[in-house]
Amino acid sequence: MAVKLKSDDELRVMREAGRVVAQTLEQLRAMIRPGLNILEIERFVRDEFRRRGAKETFLNYSPAPRYPPYPSNICVSVNEQLVHGVPRDRILQEGDIVSLDLGATYKGYVGDAAITVPVGRVSDEARHLIEVTENALWAGIRAGRSGGHLNDICGAIEDAITPSGYSIVRGYGGHGVGREMHEEPHVQNHRMRFRGTPLRPGLVLALEPMVNVGRPETVECEDGWTVRTKDGSLCCHFEHTIAIREGDEPEVLTLP
Ligand code: MF3
Ligand code: CO
């Protein structure tokens with residue numbers, strides 16, 4: 001499977017798809033508070049997609065036969081849960097941090113983004129972790145210049161995380177985005193041993209750094225989806241969908 005560069009017409013639609021995701025995430029950010037039941041997040045997303053004319057991307061998604069179809073429209077991952085948290089009946093508590101990972105399909109194209117949000121007052125460490133991870137995302141974005149290569153982005157993300165002493169998660173990462181949520185190339189959050197895909201205008205990527213306070217290892221939970229840190233340490237995830245463009249930093253398609 002080859003990398004699919006997007007035309008200007010396709011980018012126009014992807015901008016709209018990205019906006020649906022970004023605006024819905026901003027609405028969710030404003031809803032997050034101690035006492036909120038995670039099931040209300042899922043319900044809000046379903047209503048919002050209907051209102052905006054967006055189609056579900058995550059619901060029933062299955063990357064491989066060993067995975068059960070994903071049962072929701074959003075991934076909600078709390079504290080030691082890193083990614084792919086399946087929404088369930090759970091009340092958010094003061095001091096939690098919660099990752100909201102949302103994909104939507106609009107006019108046939110996918111937008112994909114994630115934010116990690118503090119619930120009320122959180123520890124200094126949680127705040128620092130959020131800052132490091134979001135900074136790493138933006139370091140990766142700034143490194144995405146036409147004429148360079150994918151490894152410029154991977155290396156920039158790695159270098160933004162390393163000084164913190166936190167761990168970079170391996171085995172999960174970003175990806176190309178387009179008509180499919182997951183297109184070529186895979187985007188590691190650490191340097192590769194080769195330059196990787198050339199960065200050219202029209203290349204659309206989801207960058208998604210994942211950082212653990214403790215050890216880098218993760219485990220999958222019994223639900224077949226939720227991924228958490230093996231040592232139970234706090235972890236964090238941010239994601240944007242970006243488009244490489246000529247002579248400039250990338251356009252971020254999932255900004256509200
Ligand atoms: N943004 C994530 C990804 O790119 C979430 C998708 S997992 C799903 O892999 F199963 F919920 F779709
Ligand atoms: Co993604």
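We count ligands from 1, going down the list as the structure has it; atoms in each ligand are counted the same way. None of these values were measured; they are calculated from a predicted model.
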Without hydrogens or angle criteria, can the side chains of [X] and [Y] be said to hold a donor-acceptor pair below 3.5 Å?
X	Y	result
Thr116	His237	no
Asn73	Glu42	yes
Asp159	Thr162	no

Quiz prompt | Phe58 vs His84 side-chain heavy atoms within contact, under 4.5 Å | solution =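 Contact flag for Phe58/His84 side chains = no.
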Quiz item: Do Thr218 and Lys230 come close enough that some side-chain heavy atom pair is under 4.5 Å?
Solution: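 When only atoms from C-beta onward are counted, Lys230 and Thr218 do not touch, as no gap falls below 4.5 Å.
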Quiz item: Out of Glu56, His182, Met181, who gets a non-hydrogen atom closest to atom 3 (C) of ligand 1?
Solution: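 Nearest option to atom 3 (C) of ligand 1, by heavy atoms: His182.
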Distance under 4.0 Å to a non-hydrogen atom of [X]: what atoms of ligand 1 satisfy this?
X	value
Cys75	11 (F)
His175	3 (C), 4 (O)
Glu239	1 (N)
Tyr61	10 (F), 12 (F)

Quiz item: Should we say atom CZ of Arg200 is surrounded by more than 12 heavy atoms from elsewhere, each under 6.0 Å from it?
Solution: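 For Arg200, atom CZ is not crowded (no more than 12 foreign heavy atoms under 6.0 Å).
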Quiz prompt | Min N/O separation Thr57 to ligand 1 under 3.5 Å | solution =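 No, there is no polar N/O contact under 3.5 Å.
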Quiz item: Is Glu208 close to ligand 1, meaning an N/O of one under 3.5 Å from an N/O of the other?
Solution: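 Such a contact does occur with ligand 1.
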Quiz item: Is the distance from the Co ion (ligand 2) to some N, O or S atom of Glu208 under 2.8 Å?
Solution: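 Here the distance criterion (N, O or S atom, under 2.8 Å) is met by Glu208, so yes.
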Practice problem: Flag His182 as yes if one of its N/O/S atoms falls below 2.8 Å of the Co ion (ligand 2), otherwise no. | Solution: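 Within the cut-off used here (under 2.8 Å), His182 places no N, O or S atom near the Co ion (ligand 2).
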Quiz item: Counting heavy atoms only, which part of Ala206 comes closer than 4.0 Å to ligand 1: side chain, backbone, both or neither?
Solution: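 It is neither; nothing of Ala206 touches ligand 1.
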Quiz item: Would you call the rings of Trp225 and Tyr70 parallel, tilted or perpendicular, where under 30° means parallel and over 60° means perpendicular?
Solution: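 Rings of Trp225 and Tyr70: perpendicular, as their planes differ by over 60°.
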Quiz prompt | Residue pair Tyr61, His182: steps toward the ring-ring contact (aromatic ring centres under 6.0 Å, His included) verdict | solution = CA-CA 11 Å; Tyr61 179 76; His182 292 149; 5.4 Å; yes
Quiz prompt | Trp225 heavy atom under 4.0 Å from ligand 1 | solution =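 Contact present.
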Quiz item: Which residue supplies the protein heavy atom nearest to atom 8 (C) of ligand 1, what is that atom called, and how far is it?
Solution: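 Protein heavy atom at minimum distance: Phe58 CG, 3.9 Å.
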Quiz prompt | Protein contact to atom 2 (C) of ligand 1 [nearest heavy atom, distance to 0.1 Å] | solution =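 Atom 2 (C) of ligand 1 sits closest to the protein heavy atom Asp101 OD2, 3.1 Å.
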Quiz prompt | Charged N-O contact under 4.0 Å between Arg51 and Glu48 | solution =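 Yes, this pair counts.
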Exercise. Find, among atoms of Glu239 that are N, O or S, the one nearest to the Co ion (ligand 2), and state its name.
Key: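 So the atom name we want here is OE2.
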Quiz item: Can you name the N/O/S atom of Asp112 that is nearest the Co ion (ligand 2)?
Solution: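 Atom name returned: OD2.
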Quiz prompt | Centroid-centroid under 6.0 Å between His128 and Tyr166 rings | solution =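 Yes - the distance between ring centres of His128 and Tyr166 falls below the 6.0 Å cut-off.
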